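Side chains included, hydrogens not; waters and symmetry mates left out as well; all remaining heavy atoms used. Worth saying up front: this structure is predicted, and the values here are computed from it rather than measured.
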Amino acid sequence: MRDFKQIARRTGRIALQVLAVAFLTSVAWVLLYRWVSPPATWLMLDRRAHAPVGKGYHGIREDNRRIQYSFKSLAEVSPQLPLALVAAEDQRFLLHHGFDGDALLKAAKSNLSGSKQLRGGSTITQQVAKNVFLWQGRSYVRKAAEAYFTLLIELLWDKRRIMEMYLNVAEMGDCIFGAEAASQAYFGKAAARLNPAEAALLAGVLPNPLRFRASNPGPVARAKQRRVLRRMRALRGTDYVRELMEQE
């Protein structure tokens, strides 16, 4: 019995030490990315190694799967793009602390009602946590890790850095990541020169950039673009969006 208790205590100490190391490592990782741009993400590495497979995907490269990715500061992109991303993805971005309860409730009601189009309730911060720090997939473990990193990001970064990270690492086409790479690939110009319509198009295809094309948009992508433009006009004069668009 004494040997069993000793083993249990030793196992408990080891488990606590592992948890402490994991916690400190994750905090250091998130703190580092507050000032340093990620050299790559897990999704970039996966896309580099394997072409995505899915019904209705467009622009998939079978060869030359080199990742296009160029990190730009928020001051180096058009202010129309952050506005478009807020309008398309998370209109309460500057008002919540990582989780939007209203959006989650609406998504749950829509999905439980039997809607053919599944609706998500993820905030921009949650998407940054998923895109930057986690692997792809659907599991309770990954969702728990996403919630954990979302809390860390909101605690250790400001909203400008969260938006800056999001618009740089979001997948915007096969092997195309971030606003600068997408702007060069689809419009032949720097992200700093995006106009409202172009920014709205990029933001509108983000839920599935492999299915909705920014380079040759179909009717669904155009409808999303128009919807984002309407929201941009409604949000443009609000104080919290003006705060996000201020350039340092």
Would a hydrophobic clustering, with Ile, Leu, Val, Met, Phe, Trp and Tyr connected at side-chain separations under 4.5 Å, put [X] with [Y]?
X: I60; Y: Y69; value: no
X: L45; Y: L210; value: no
X: L24; Y: L32; value: yes
X: Y148; Y: Y140; value: no
X: V141; Y: L19; value: no

What are the two closest non-hydrogen atoms of [X] and [Y], and how far apart are they?
X: A87; Y: L235; result: CA-CD1, 3.8 Å
X: G98; Y: T150; result: O-CG2, 3.6 Å
X: F187; Y: A214; result: CE2-O, 4.4 Å
X: G204; Y: V228; result: CA-CG2, 4.2 Å
X: F149; Y: A129; result: CB-CB, 3.8 Å
X: L201; Y: A221; result: CD1-O, 4.2 Å

Hey, is the main chain of [Y] close enough, under 3.5 Å, to the side chain of [X] for a donor-acceptor pair?
X: T25; Y: V21; answer: yes
X: E164; Y: L74; answer: yes
X: K159; Y: F93; answer: yes
X: E180; Y: K72; answer: no
X: E89; Y: V86; answer: no
X: W157; Y: V30; answer: yes
X: R65; Y: R61; answer: yes
X: D46; Y: W42; answer: no
X: Q68; Y: F177; answer: no
X: S183; Y: K189; answer: yes

Are [X] and [Y] side-chain neighbours, meaning at least one heavy-atom pair lies under 4.5 Å?
X: M163; Y: I124; value: yes
X: R47; Y: D174; value: yes
X: P196; Y: M232; value: yes
X: L152; Y: S26; value: yes
X: V77; Y: L167; value: yes
X: R193; Y: S78; value: no
X: L206; Y: Y166; value: yes
X: S37; Y: M165; value: no

Mind checking the [atom1]-[atom2] spacing from [X] to [Y]? Nearest 0.5 Å is all I need.
X: F212; Y: K224; atom1: CZ; atom2: NZ; value: 5.0 Å
X: C175; Y: R66; atom1: SG; atom2: CZ; value: 9.5 Å
X: I162; Y: T123; atom1: CD1; atom2: OG1; value: 8.5 Å
X: R161; Y: L156; atom1: CZ; atom2: CG; value: 12.5 Å
X: L202; Y: Q80; atom1: CG; atom2: CD; value: 12.5 Å
X: L81; Y: L85; atom1: CG; atom2: CG; value: 4.5 Å

Exercise. Within a radius of less than 6.0 Å around CH2 of W135, do more than 12 heavy atoms belonging to other residues, nucleotides or ligands occur?
Worked result: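 Atom CH2 in W135 is packed in, count exceeds 12.
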Tell me whether the count of non-hydrogen atoms from other residues, nucleotides or ligands lying under 6.0 Å of NE2 in H97 goes above 12. no
message = What verdict does the side chain to side chain contact (heavy atoms under 4.5 Å, CB included) test give for F23 and V27, after you've listed the backbone C-alpha separation in whole Å, the side-chain angles of each residue and the deciding distance to 0.1 Å?
response = CA-CA 6 Å; F23 172 71; V27 170; 3.8 Å; yes
Regarding [X] and [Y], is there a side-chain donor-to-acceptor distance under 3.5 Å anywhere?
X: E198; Y: Y186; result: no
X: E154; Y: T125; result: yes
X: D90; Y: H96; result: yes

Run R92 and D100 through salt bridge (charged side-chain N to carboxylate O under 4.0 Å, His left out) and show every step you take.
CA-CA 7 Å; R92 292 172 51 82; D100 187 346; 3.4 Å; yes
Given the rule in the side chain to side chain contact (heavy atoms under 4.5 Å, CB included) test, do F133 and T41 qualify, once you have shown the distances and angles that lead to the verdict? CA-CA 7 Å; F133 297 102; T41 65; over 6 Å; no
- Start with the C-alpha distance between I176 and E171, add both sets of side-chain angles, then the distance that settles side chain to side chain contact (heavy atoms under 4.5 Å, CB included), and finish with yes or no. CA-CA 6 Å; I176 299 173; E171 185 177 30; over 6 Å; no
Worksheet entry | Residues R142, K130; criterion side chain to side chain contact (heavy atoms under 4.5 Å, CB included); working and verdict | CA-CA 9 Å; R142 201 197 65 80; K130 176 182 67 176; 3.2 Å; yes
